[in-house]
**Q** 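What follows is a structure written as structure tokens; I'll ask about it next.
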Amino acid sequence: MSKIIATAAIRGAHKYVREAEEKLKEAIAQKGENCKVEYPNTAYYLPIILAFFGLKVQYLKDLWDPLDRAKKLLPPLPSESVWLPYLGPTLDAGIATLVAEEIIESLKYLIGPNPVSGIWLGFADDSILREQGIKLVDGRMPGFAACVGACPTNEEAVKLIRELQEKKILVFIASNTNGKSIAEQLDEEGIQLGWDTYIVPFGKDTSASIYALNFAARSAMTFGGLQPGNLQQAREILLYNKKRVNAFVLALGTVDDEKYATAAGAINFGFPVIADTDIPQILPTGVCTYEHVVSKIPLSDIVAKGIEVRGLKIKVEKLPIPVSYGPAFEGERVRKEHIGVEFGGKYSKAYEYLKMRDMDEVQDGKIEVIGPEIDEIADAGVLPFGIFVEVAGRKMQKEFESILERRFHTFLSEALGVMHIGQRDLMWVRISKDTRKAGFKFKHLGVILHAKLLSEFPAIIDKVQVTLYTKQEDVDKMMPEAQAAYKERDERIGGMKDEDIDIFYSCALCQSYAPDHLCIITPERLGLCGAYSWLDGKAAYEINPAGANQPVAKGETINSKTGEWKGVNELIAAKSHGKLEHFSAYSMIESPMTSCGCFECIVGVVPEANGVMVVQRGYGGMTPAGMTFSTLAGTVGGGLQTPGFIGVGRMYLTSKKFISADGGFLRIVWMPKELKEALAERFKKRAEELGASDFLEKIADETTATTPEELLAFLQKVNHPALTMPSML
Ligand code: SF4
Ligand code: ZN
């Protein structure tokens with residue numbers, strides 16, 4: 001154990017605790033001790049303080065207790081000559097530092113400067129945690145790297161981050177080196193930051209590192225089901241992180257006292273620190289799986305070293321294409337000024353179409369571009385495009401076509417600089433200038449589809465052949481066939497009624513983080529994430545009979561109005577581990593279906609209006625229920641039955657079975673404008689079926705009402721049908 005590190009870390013801890021105390025006094029002077037202090041949209045209060053001490057901080061005055069405990073943990077400031085033979089005091093200093101940083105950062109939300117500004121995102125709320133944290137815990141993401149500081153040059157910063165992205169490692173960024181942060185370097189180079197691209201800039205101060213660690217602490221409480229409380233429980237939360245959350249810290253550039261102190265905090269979580277500068281190493285294993293601090297690692301090796309030290313297992317897919325490939329690139333946009341070539345959307349006719357063929361009709365690996373290749377197209381050019389994929393396999397079925405085709409989006413988007421939006425004849429693709437310059441050809445779209453279809457569906461696909469059409473006449477020629485196929489697929493499910501079949505499908509995919517939740521998917525009610533229809537459930541079961549989608553025999557009907565069946569109830573009881581007994585498919589009042597966390601929309605009763613509001617994920621404003629989407633999501637999710645609230649896939653809204661036991665479609669009184677616009681066509685059609693053709697205009701939105709009073713006034717003005725329906729509750 002190096003005494004320099006211990007000394008620096010303890011010095012840093014003292015400084016942070018002092019700063020936390022000053023800030024707390026300042027906040028109390030400004031706001032009074034009874035003022036609320038909180039992070040946005042979390043059920044975990046101040047998570048680090050909750051996890052370490054079991055304290056639920058709500059008001060400023062509640063902060064004295066944790067601050068006091070942090071002070072008690074502070075080891076005395078060692079003089080340079082004191083030799084600390086073991087890690088203990090440094091670790092205590094680390095805990096004190098994290099508590100102080102949590103106080104400092106949470107107070108910023110109250111008295112400023114606002115942690116959310118410019119590229120900086122501040123606290124990651126619980127809905128982000130549910131969505132992203134699970135990937136860390138279940139292994140879809142191998143781990144996270146907390147990058148602290150900056151690289152000597154922007155070029156090195158980009159290289160480092162691309163390497164992490166390619167390995168699917170989530171990048172958390174905090175702090176700076178001499179006033180510069182790696183996040184700013186990336187921003188200057190036009191790299192898109194945010195959760196979508198796996199690069200998360202928390203804040204420029206070193207204390208913003210706390211957002212990475214309180215994310216980790218909440219992961220343990222959410223996904224590990226660990227309860228905070230006493231010291232022993234705090235230890236378990238830390239151990240969970242050591243075992244399950246594979247993270248490491250990359251210290252970029254000089255390391256000052258604050259960074260040492262924060263690193264000492266991270267070591268408590270079992271997260272080792274890798275530095276590119278010459279700082280003293282801490283090599284003996286103990287708290288961390290391997291070394292605690294490894295230094296003087298050149299930037300070019302630093303990622304590899306982090307992976308090695310933390311023991312991450314990384315499977316990188318190497319496709320024979322000239323650009324990086326992986327999920328971190330899926331969410332990256334290609335902005336207008338970076339377009340190399342573009343097709344589809346509103347710019348040209350384009351489609352993607354997958355068709356099942358007989359074995360002898362498909363030549364595996366044949367990829368053909370009919371018409372001009374990318375180098376024959378002018379820079380930023382637009383062209384028509386047809387992606388035609390023929391597959392064959394002994395276990396392939398016609399019904400799988402749409403499921404396979406829908407995966408094109410992910411497959412293609414994961415190539416760096418390829419942006420794919422939409423599907424079918426609505427798809428829209430941009431290939432960036434840089435990607436084009438790197439030698440990417442249209443042919444490579446085929447290479448990707450061929451490789452991914454074979455590797456992801458080995459049980460059903462044996463052969464894949466891809467033809468890419470880039471001439472108008474060829475695109476036109478095939479379009480009608482593709483469109484006819486889309487229509488036929490839709491009709492197959494569109495015409496199906498729940499009454500017509502005896503088998504539903506269950507989906508347990510989300511049990512990994514909502515252990516008591518189960519989706520029951522019927523032809524008229526799709527999974528709440530919107531990604532699984534009944535046909536998808538059926539196909540998934542046939543593709544993988546041991547998978548998350550299982551057939552459920554309805555059995556005896558208990559209540560045809562609310563949608564309750566004996567067979568379904570029995571399965572629910574078993575899969576919810578006895579927590580639930582009933583389940584009604586068509587009611588949101590009487591034992592409604594549970595929600596995990598990935599609902600496309602939340603439907604909630606607005607009692608004043610005798611109707612329901614619908615709000616979609618991504619809508620940031622206020623709703624008439626007095627809660628935002630993310631606050632609502634915190635209440636509705638987690639596998640609980642919450643009468644009056646359900647999570648749904650958006651296509652369910654226009655189903656004949658949409659809360660049919662509670663009055664149905666005409667109960668909808670409010671939804672955000674954006675959602676109204678997106679669903680306008682379907683809404684109009686459904687309204688007409690119900691003889692209420694002007695219904696869409698009667699639904700309020702955020703421009704007409706955000707409180708129950710405003711809502712009611714609007715509904716009365718337009719004479720909304722819900723007002724005269726029987727009472728909902
Ligand atoms: Fe399956 Fe439901 Fe989760 Fe969608 S939300 S993946 S249907 S369990
Ligand atoms: Zn889910």
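Numbering of ligands and ligand atoms starts at 1, following listing order. FYI, the numbering just counts along the sequence from 1.
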**Q** Quick one: are the ring centres of F123 and F215 less than 6.0 Å apart?
**A**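 That pair fails the under 6.0 Å test.
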**Q** In this structure, is the centre-to-centre distance between the rings of F172 and F202 below 6.0 Å?
**A**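 Aromatic pair counts; centres sit under 6.0 Å.
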**Q** Measure from atom 2 (Fe) of ligand 1 to each N, O or S atom of H517 and report whether any distance is below 2.8 Å.
**A**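 No, since none of the N, O or S atoms of H517 sits under 2.8 Å from atom 2 (Fe) of ligand 1.
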**Q** Please determine if R489 and E405 form a salt bridge, counting it only when a charged side-chain N lies under 4.0 Å from a carboxylate O.
**A**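 Answer for the salt bridge query: yes.
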**Q** In ligand 1, which numbered atoms sit nearer than 4.0 Å to a non-hydrogen atom of C507?
**A**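 That gives atoms 1 (Fe), 6 (S), 7 (S), 8 (S) of ligand 1.
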**Q** Under 4.0 Å from a heavy atom of G527: which atoms of ligand 1 are those, numbered in the order shown and with their elements?
**A**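 Contacts of ligand 1 toward G527, numbered from 1: 7 (S).
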**Q** Short list, please: which atoms of ligand 1 are under 4.0 Å from a heavy atom of L528?
**A**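 Near L528, meaning under 4.0 Å from one of its heavy atoms, ligand 1 has 5 (S).
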**Q** Under a 4.0 angstrom heavy-atom cut-off, which atoms of ligand 1 come close to C596?
**A**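 Contacts of ligand 1 toward C596, numbered from 1: 5 (S).
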**Q** Using a cut-off of strictly less than 2.8 Å, determine whether C529 has an N/O/S atom near atom 4 (Fe) of ligand 1.
**A**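 Checking C529: at least one N, O or S atom is under 2.8 Å.
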**Q** For I501, enumerate each residue passing the side-chain contact (heavy atoms from CB on, under 4.5 Å) test, keeping only those at least two apart in sequence or located in another chain.
**A**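 By the side-chain contact (heavy atoms from CB on, under 4.5 Å) rule, I501 matches M496, F504, P523, W534.
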**Q** Compute the ring centroids of Y353 and F388, then answer whether they are less than 6.0 Å apart.
**A**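 Here the rings of F388 and Y353 have centres that are less than 6.0 Å from each other.
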